[in-house]
Number of protein chains: 2
Amino acid sequence: MTKDDHQDAVAREPDPRTADNRAEAFHGVRVARRNELAEDYVELIAELIHTQGEARPVDIATKMGVTAPTVAKTLGRLARDGLITRAKYRSVFLTDEGRALAKECRHRHEIVLRFLLSLGLDSETAERDAEGIEHHVSERTLALFAAFANRS
Amino acid sequence: MTKDDHQDAVAREPDPRTADNRAEAFHGVRVARRNELAEDYVELIAELIHTQGEARPVDIATKMGVTAPTVAKTLGRLARDGLITRAKYRSVFLTDEGRALAKECRHRHEIVLRFLLSLGLDSETAERDAEGIEHHVSERTLALFAAFANRS
DNA sequence: GCATAAAGTTAGTCTAGGCTAACAATCTGC
DNA sequence: GCAGATTGTTAGCCTAGACTAACTTTATGC
């Protein structure tokens, strides 16, 4: 599973093959949860680079609604996992891997958002819910969402 | 916000009123994430009591796909938060509050699941995605899901 | 009714992801 | 070009949620 590539250091989960369907589902949710924050960060970093020209920790902190030290620590993990590069007191850059993940996330986010809007949801609620939902949508579900949002 | 009542001991988040929409959305996701595990547990406990007559830690561990000590620690938190009662070496019971939360979760889970199925998703994927999505769906979105699943 | 198996608990470790306090570096305005 | 403001980092603390190892209690089979 590609989504796990940068999570090798994480404690091994019980073998899902021996567990029942329910346990598999929970296992999947835990795996997704592990990656959520990283996905949110690379997506935001890509956006900041696009709109501001650079991704500064202070802006990341503001957009994420957390403090600067939290951002610093998280960026350390992202760098360790090969998603970003950074130099001390300088702004942040995405690696190829980080850029690819950001693109994928943005794609998923947009489909989920368009889908919710096409259901008739107001844009503020749609944005908030999309932020939570996007990390838990399988390829199959995403395809159905996209098809629905594109119906005439 | 009722969902926060049993999370008083958790570190205070930055005031969402001062943050922008994006930060609010992330804040909401973090709040939801805090409650996810508790919701999964009470939902499962209610189900076990209904189907097996009692909720034993060993069954919770199997269904959740985690080890027994993890279950023990988590049950300790649920008891502390007033969602369950337990006696040493005995099975687990829901408090009124826990029962109410379980009911609400089951309700949300069922709507999300029926919605995904009505989109044409296979039941296995629907079950897995519902498990992740159900915690991130607002009341408003849930209402739309329910309406869609009930369309003729 | 006792030995053993199964279930539950306790203790200790680890990582993620929050925070504050304190300090260091960079940027800005005069 | 330097003082003060802004930004970034480091250190240290905390909780949640996962694990293993070791122990205790309860249940079971003969």
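Scope of the values below: all heavy atoms of this structure, side chains included, with no hydrogens, waters or symmetry mates. Every value quoted in this text rests on a predicted model; they were computed, and no experiment measured them.
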Practice item. Would you kindly give the CZ-to-C1' distance between A/Arg33 and C/dG17, to the nearest whole Å? Key: 13 Å
**Study point:** Nucleic acid contacts of residues 41-56 of chain B, taken as heavy-atom distances under 4.0 Å to DNA chain D
**Key:** none
Taking N or O atoms only and anything under 3.5 Å, show me the protein contacts with nucleotides 25-27 of chain D, one pair per line.
from, atom 1, to, atom 2, distance (Å)
D/dT26, O3', B/Arg90, NH2, 3.3
D/dA27, OP1, B/Arg90, NH2, 2.9

Review point. What do you reckon, is CZ of B/Arg106 surrounded by more than 12 foreign heavy atoms closer than 6.0 Å?
Key: no
**Study point:** Parallel, tilted or perpendicular, as decided by the 30° and 60° cut-offs, for the rings of B/His136 and A/His136
**Key:** parallel
**Study point:** Nucleotide nearest B/Val66 when distance is taken to its side chain, options D/dA18, D/dA11, C/dT9
**Key:** D/dA18
**Study point:** B/Val71 side chain near B/Tyr41 side chain, heavy-atom distance below 4.5 Å
**Key:** yes
Review point. Toward the 5' end of DNA chain C, which comes first, B/Ala68 or A/Glu36, by nearest nucleotide?
Key: B/Ala68
Point to revise | Phosphate OP1/OP2 of D/dC19 contacted by B/Thr70 side-chain N/O (<4.0 Å) | key: yes
Exercise for review: Find the distance B/Met64:CE to D/dC19:P and express it as a whole number of Å.
Suggested key: 10 Å
Exercise for review: Starting from P on C/dC14, measure out to CZ on A/Arg34 and report it in whole angstrom.
Suggested key: 19 Å
Point to revise | Atom CZ of A/Arg140: over 12 foreign heavy atoms under 6.0 Å | key: no
Check your understanding: Rounded to the nearest Å, what distance is computed from the NE2 atom of residue B/His27 to the P atom of nucleotide C/dC19?
Key -> 10 Å
Exercise for review: Would you mind classifying the nucleic acid contact of B/Arg86 as base, sugar-phosphate or nothing, using non-hydrogen atoms under 4.0 angstrom?
Suggested key: sugar-phosphate
Check your understanding: Between B/Arg80 (CZ) and D/dG17 (P), how many Å, whole number?
Key -> 9 Å
Practice item. Carefully, step by step, assess A/Glu110 and A/Arg114 under the rule salt bridge (charged side-chain N to carboxylate O under 4.0 Å, His left out). Key: CA-CA 6 Å; A/Glu110 269 173 14; A/Arg114 276 200 303 132; over 6 Å; no
Review point. Quick one: on DNA chain D, does A/Asp59 or B/Leu37 contact a more 5' nucleotide (nearest heavy atom)?
Key: A/Asp59
Point to revise | Pairwise side-chain contact, A/Arg151 with A/Ser118, heavy-atom cut-off 4.5 Å (strictly under) | key: yes
Check your understanding: Is there a donor-acceptor contact under 3.5 Å linking the side chains of A/His109 and A/Glu127?
Key -> yes
Review point. Can a salt bridge be assigned to the pair A/Glu47 and B/Arg22 using a cut-off of 4.0 Å between side-chain N and carboxylate O?
Key: yes
Check your understanding: How close or far is atom P of D/dT7 from atom CG of A/Leu75, stated in whole angstroms?
Key -> 16 Å
**Study point:** Nearest-nucleotide pick for B/Thr67, side chain only, options being D/dT20, D/dG8, C/dA16
**Key:** D/dT20
Point to revise | Short side-chain N/O contact to D/dA18 OP1/OP2 from B/Arg77, under 4.0 Å | key: no
Check your understanding: Atom CG of A/Asn35 to atom P of C/dG17: distance rounded to whole Å?
Key -> 9 Å
Revision key, fill the gap. When B/Glu36, B/Glu134, B/Glu43, B/Glu39 are each screened for salt bridge (charged side-chain N to carboxylate O under 4.0 Å, His left out) with B/Arg108, the one that passes is B/Glu39
Review point. Of all the nucleotides listed (C/dG18, D/dA21, C/dG12), which has the minimum atom distance to the side chain of B/Lys73?
Key: C/dG12
Point to revise | Parallel, tilted or perpendicular, as decided by the 30° and 60° cut-offs, for the rings of A/Phe115 and A/Phe145 | key: parallel
